[in-house]
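Right, one structure below, let's go through it.
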Amino acid sequence: MARYNVKETERKWQRVWEKRRSFEVEADPSKKKYYVLEMFPYPSGRIHMGHVRNYTLGDLVARFRRAQGFNVLHPMGWDAFGLPAENAAIENKVHPAAWTHENIATMKRQLKSMGLSYDWRREVATCDPSYYRHEQKMFLDFLEHDLVYRKESWVNWDPIENTVLANEQVIDGKGWRSGAPVEKRKLAQWFLKITAFADELLSALASLDRWPDRVRLMQENWIGRSEGAHLRFAIDGRDDPLEIYTTRPDTIFGASFMAISANHPLAAELAAGNPRLAEFIATCNRMGTSEAAIETAEKLGFDTGLKCRHPILADVRLPVYVANFVLMEYGTGAIFGCPGHDQRDLDFAHKYGLPVTPVVCPEDTDPGSFEIGDVAYTGDGRIINSDFLNGLGIEEAKSAIIAHFEKAGVGSRQVNFRLRDWGVSRQRYWGCPIPVIHCDVCGVVPVPAEQLPVLLPEDVDLSGAGNPLDRHPTWKHVDCPTCGKAARRETDTFDTFFESSWYFARFCSPDADIAFERAAADYWLPVDQYIGGIEHAVLHLLYSRFFTRALKQCGYLGMDEPFAGLQTQGMICHETYKSAAGKWLTPTDVRPTDGGGFVDANGGAVSVGRSEKMSKSKKNVVDPEGIISTYGADTARLFMLSDSPPERDLDWTDAGVEGAWRYVNRLWRLVDEPAFALAGVGATRPTAVEGSAADLERRTHRTVAAVTEDLERFHFNKAVARIRELSNAVEGLKASDAGADWVLRNCLETISVLVGPMMPHLAEEIWSALGHESLLVDQPWPDADAALIVDENVTVAVQVNGKLRGTIELAKDAPEDVARESALANENVRAFIADKAVRKVIVVPNRIVNIVV
RNA sequence: GCGGGUGUGGCGGAACUGGUAGACGCGCCAGACUCAAAAUCUGGUUUCCGCAAGGAAGUGCCGGUUCGAUUCCGGCCACCCGCACCA
């Protein structure tokens with residue numbers, strides 16, 4: 001009898017798996033495959049609890065599918081480019097590469113201590129030239145296939161990180177990492193044509209039936225498809241028309257003004273001769289998108305004096321305003337204003353004294369008395385005051401008016417998207433160099449494929465302002481590949497989401513000379529189960545879907561969707577602590593008092609705040625390494641699985657960890673000090689299994705069936721509960737019952753297989769203690785015997801008028817009249833029926849009998 | 001503002017297509033073992049009334065459908081998330 005030695009045991013099995021190469025896999029078309037992937041980490045220094053949860057979930061799936069007989073690919077790598085490395089370099093005077101590799105080494109050691117079933121041979125780090133050279137090639141292929149362009153445009157500029165951000169990286173007008181208000185700048189940037197796939201990225205969401213609805217909805221909203229019309233309005237005294245986009249062409253007869261964006265070319269042209277307009281435009285730009293108060297910002301306009309002709313009403317003229325609420329980036333940057341049916345337009349019309357004509361009347365209202373007050377009418381109804389559209393419904397009117405415009409040659413039906421192209425240029429050092437050369441003679445020249453990779457220079461000075469590559473004395477100076485004259489390298493690097501958009505494919509053939517081998521990708525992809533945080537719902541997950549399509553177009557791949565199944569995990573939360581002085585305290589700074597409160601190291605009062613996401617700023621973090629070295633990886637893993645469903649936030653508590661730890665030891669004792677000796681038990685089931693042994697055997701099979709279903713459906717907390725129930729039930733086994741010793745052994749073996757995906761070290765130790773030479777990790781998942789799952793008898797509830805009054809024992813599938821008689825015979829039930837007449841008896845077989853009196 | 005989600009004991013959470021609400025765990029209470037403590041084991045634990053058998057109430061609030069509602073429908077409330085001048 002030995003106490004369960006976590007450290008030694010866990011290390012032992014990790015070594016055994018490594019030595020036996022248990023998790024190394026090869027593509028094998030004769031086997032059904034399963035690709036499990038967790039979002040790879042940024043090597044920030046040490047793993048945190050979020051990582052532990054993510055990789056515990058993934059490892060469970062990988063081990064479970066492996067036991068089910070799948071050829072499982074389960075790789076791990078490092079999303080290794082990124083800004084923190086540069087910041088660390090400046091602070092600590094280390095090279096970003098050295099800092100990154102050191103972190104990778106630390107985190108890899110920590111991950112290995114968790115006993116995760118990775119094929120470590122497939123590890124990749126995206127900052128390695130053997131990785132990023134392939135995405136430089138991809139970029140050249142994208143160029144060739146017209147999926148990339150360079151454009152001078154207004155960009156989101158992060159003043160802290162000194163770089164451009166994509167639209168997806170601006171949260172509430174602030175940089176997603178720095179939190180600094182984003183400024184507008186005009187820069188020449190490289191863009192990937194994600195909008196070319198907008199329609200497909202949207203419609204294919206319906207096929208992703210193993211993705212959370214929430215994520216699909218977020219992507220749908222982000223892509224933001226709208227149907228409307230593109231119209232051209234003639235401007236008095238000018239030859240060029242004003243082009244607008246509208247989703248409400250049916251309200252054209254209610255138009256009373258035109259509005260163009262402050263960044264519209266027409267506005268710029270007019271401002272050249274009008275200082276007051278120029279001043280107005282400058283004011284609009286200052287407000288920009290960085291103003292948090294956009295919502296409350298007043299609608300402001302500047303009357304240009306220009307007049308547009310109404311496209312149908314010959315004598316109507318619409319004044320053209322420059323307005324602060326019109327965005328240049330959406331549609332054409334110009335609109336017609338219909339105050340009656342758009343709140344913004346109404347506010348604007350009231351401010352500038354413009355006419356308000358209702359053109360849609362609610363069904364139940366008299367058109368003659370329908371007026372618009374302070375609230376625009378945006379609901380359904382019939383068209384009024386609109387000539388040939390009068391009496392039509394909104395949708396009919398849209399079709400009719402678009403047909404009219406198409407005939408007149410002044411407009412057409414148009415679909416618009418909110419999604420914009422993905423700007424990938426970043427003014428940073430620690431990223432993949434964009435492989436182009438700028439030549440004064442030849443213009444932008446792609447780096448010839450045979451000159452790849454364009455390597456990052458190792459000697460770099462990160463201390464100054466701006467882009468370090470641009471300031472490097474020699475790196476950017478090269479000869480033009482076309483004309484041979486002196487030219488300059490592009491000094492921008494890729495957005496780091498570029499690397500994570502295809503890493504899942506690289507894992508299929510991580511050592512290939514090309515990005516990935518087609519055969520390997522065809523076998524392994526798509527990823528069957530992808531697991532990670534919800535925060536990537538529209539960033540990484542949308543980029544990867546786009547990339548897969550772009551790569552397909554360039555002949556790399558044969559599929560559209562990279563991730564067939566997606567599971568998003570909740571955050572890890574912890575209570576927060578504050579000292580009397582209002583300073584945040586870490587969980588290790590406080591200790592509990594007898595009264596249930598906490599005090600700090602000096603005994604000072606501590607106020608306990610609500611549980612929040614673990615974060616450095618609130619100091620409510622618990623370091624996984626300490627937990628793992630004290631309680632072991634299996635305890636940490638069990639706790640991660642047992643307390644909350646994966647998609648929900650998980651509260652980290654010491655008590656919960658203690659509980660998991662107790663269960664680890666309890667399971668171990670079940671085998672180490674079994675109820676009776678198991679040494680001589682045969683392998684085949686005895687013919688006689690009776691009494692408590694028969695009960696436990698049935699229960700074992702029922703548990704197998706239930707746990708299998710729970711694991712398939714990601715109900716891991718329920719699976720844990722069922723296994724606990726089974727191990728509790730072992731206590732009820734009587735040695736004297738026939739077959740007891742065989743059933744006990746069979747039950748313990750089953751438990752060891754069932755907990756294998758959750759607590760692999762303990763499971764292996766139990767398996768071995770039961771006398772097996774083989775590894776548990778190579779054991780197949782058990783089948784539940786259908787005959788043993790169903791009970792012969794069922795407990796049926798009896799209600800009187802819908803209230804529970806008793807229960808009766810019946811044979812399974814007993815006839816209805818038997819159930820009825822048995823229910824009516826129940827003593828307590830009879831008391832409630834008393835002398836009342838039974839009006840109706842409802843019998844739901846095997847479940848309930850309801851007597852209505 | 002628009003879109004979506006959540007709300008169940010002291011706590012985390014169970015309850016498949018409407019059918020015994022509270023599985024399992026944490027915490028707490030009692031008991032066993034111990035000189036004692038820890039660990040472990042056993043039992044109890046939604047609230048109220050009752051010695052008990054049993055009864056009443058109960059899944060955010062109000063109402064509806066139904067023999068029967070945590071589950072379906074309508075209307076509120078609270079909290080959380082996403083988007084946000086998108087024409």
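Every chain is numbered from 1, with letters handed out A, B, ... down the list of sequences. Just so it is clear, the structure is predicted and the values come from calculations on it, not from any experiment.
With rA87(B), rG4(B), rU40(B) as the candidates, the nucleotide lying closest to the side chain of Leu217(A) is rG4(B). Across rC67(B), rC86(B), rU20(B), the shortest atom-to-atom separation from the side chain of Thr807(A) is found for rU20(B). Comparing rU20(B), rC26(B), rA87(B) by their closest approach to the side chain of Ala655(A) singles out rC26(B). In this structure, of rC67(B), rC86(B), rA14(B), it is rC67(B) that holds the atom nearest to the side chain of Val852(A).
Side chain Arg648(A) to base rC80(B): no donor-acceptor pair is found below 3.5 Å. One N or O donor and one acceptor, one from the side chain of Lys299(A) and one from the base of rC85(B), sit under 3.5 Å apart.
Judged by Watson-Crick or G-U wobble contacts below 3.5 Å, the nucleotide rC2(B) has rG82(B) as its partner.
At the heavy-atom level, Glu725(A) lies under 4.0 Å from the strands shown only through sugar-phosphate atoms. Here Val841(A) lies out of heavy-atom contact (under 4.0 Å) with every strand.
A donor-acceptor contact shorter than 3.5 Å links the side chain of His341(A) to the backbone of Val359(A).
Side-chain atoms of His574(A) and Glu612(A) form no donor-acceptor pair, as typed in the model, at a separation below 3.5 Å.
rG22(B) and rG7(B): their C1' atoms are spaced 16 Å apart (whole Å).
Other residues, nucleotides and ligands contribute more than 12 heavy atoms inside 6.0 Å of the CD atom of Glu809(A). At most 12 non-hydrogen atoms from other residues, nucleotides or ligands lie less than 6.0 angstrom from CG of Asp374(A).
Computed from coordinates, the Arg722(A) CZ to rA15(B) C1' distance equals 10 Å when rounded to whole Å. rC41(B) atom C1' lies 9 Å from atom CZ of Arg669(A), rounded to whole Å.
Checking the phosphate oxygens (OP1, OP2) of rG54(B), no side-chain nitrogen or oxygen of Arg805(A) falls inside 4.0 Å.
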